[in-house]
Amino acid sequence: MPVKIGLVGTGTVGGGCIDIIQKHREDFKRHYGIDIELVRVCSLDPAEAEAHGVGHLFTSDFHEITGDPEIDLVIELIGGTGVAHAIVTEALKNGKNVVTANKALMATAGEEIFHLADEAGVEIAFEASVGGGIPIIDPLKHSLISNEISSVLGIVNGTTNYMLTRMDEDGMPYDEVLAEAQAKGFAEADPTADVDGFDAAAKIAILASIAFNSRVVMSDVHNEGIRNIQPIDLATARDMGYSVKLLAIGHRLPEGVDVRVHPTMIPRSHQLAHVNGVDNAIYVTGDAVGETMFFGAGAGSGPAASAVMGDVLEVSRHITLGVPPIVGCTCTDELPIVPMDNLETRYYIRFVVPDRTGVLAAAAEVFAKHDVSLRSVVQEGTRERDAVNLIFVTHTAREKNIRTALAELGAMEDMLLADPTVIRVED
Ligand code: HSE
């Protein structure tokens, strides 16, 4: 008996999954002894189903999938936390296994979803929610299980990595590079989720939860995006021997889990510094394995469908062999989230200030007052005649002190002509 599949969402990723099933169903039977049959597809657009040759399986009502007693496994690929939440929870309650690519859902409602899966004795798998086609969730749950993971560092947003790469290599200003990313279809018309770091925050919440065996939700993640980054920041970082990446960071510290997303300087000699364009990579350090990196395409039809179908086949194998769910929720510990204020690191801070006597001295005085020791100061002109870039690099300083100093400088009259650019250094 084939494992019966219902698919919700026939867009880029869903279409890729349909294509894989059609192309490789016979191979799956021959190679793995698993037969899967797509029995229903649901979306808002019947033309998408037609385009992939499954118009005869189309429904616009997801209940015809989540409520169909014949269906063993539901693939949810519509994203978001609204209808997708209803689809996933209803499917689980009805005893169906679920495969999803939905990072926002898993990073906000993961606990509820695991609980429902546990109650129903079914599986929830979500490899495609982080890193597109890169296998990372399965390796963390299986291959690296003998390790205590000390850190997970990820370049997990292709759009922003593309933008930073263009600014670095071609000196393109932020607005131009954003327009280009939108024209190429990487960035959405509303680019907020990518450029403000929300997409990466959901992904590191998922990775940190698994790596550190402790639930991390999206709201636990301090996130800053790349809106204030300009080519001058990339060029200055390069002179200092660093690359700038929107890094998703998770560290297991003695006092808890340190989890954050922000523009970060990493040494140009680090493997992650060489991950450019829309590529993604996740760098994992474990006590037995040491350092290991997972690299590949973080988005796109084929890569994301590859990750989804990997989950579908593994869960189908369990269904076929009558194996109960092997790995459910792994968040067995309750580690505290380390407050961002406690962070101690080095900072690159660029101000745009009026070119006037005393401005540099005043800024330096505010830093000194808040116990922020400066390592270097550089002044560079801007396109505006009366404004200059004032770039400070600090010695190791406390986040709380940096923020207090920035707030004080921001409140000074005629001081900052734009929001400061803050890049933390991860050595
Ligand atoms: N918007 C994401 C990115 C892809 O730019 O990497 C989907 O997770």
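Each ligand, and each atom within it, is numbered from 1 in the order the structure gives.
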Exercise. So which residues, sorted by chain and number, lie with a heavy atom under 4.0 Å of ligand 1?
Worked result: Lys103, Asn157, Gly158, Thr159, Asp194, Asp199, Lys203, Ala299
For this session: From the options Ile229, Ile226, Asn157, Asp168, select the one residue that forms a side chain to side chain contact (heavy atoms under 4.5 Å, CB included) with Met163.
Result: Ile226
Problem set entry | Test salt bridge (charged side-chain N to carboxylate O under 4.0 Å, His left out) applied to Glu180 and Lys184, step by step | CA-CA 6 Å; Glu180 185 185 84; Lys184 284 179 180 273; 5.2 Å; no
For this session: Provide the full list of ring pair (Phe, Tyr, Trp, His ring centres under 6.0 Å) pairs with a residue in residues 274-330, sequence neighbours left out, each pair given once.
Result: His270-Tyr283
Exercise. With a 4.5 Å limit on heavy-atom distance, are the side chains of Leu144 and Asn147 in contact?
Worked result: yes
For this session: Starting at CG of Leu409, measure out to CD1 of Ile349 and round the result to the nearest 0.5 Å.
Result: 9.0 Å
Problem set entry | Val195 and Leu178, any side-chain heavy atoms less than 4.5 Å apart | yes
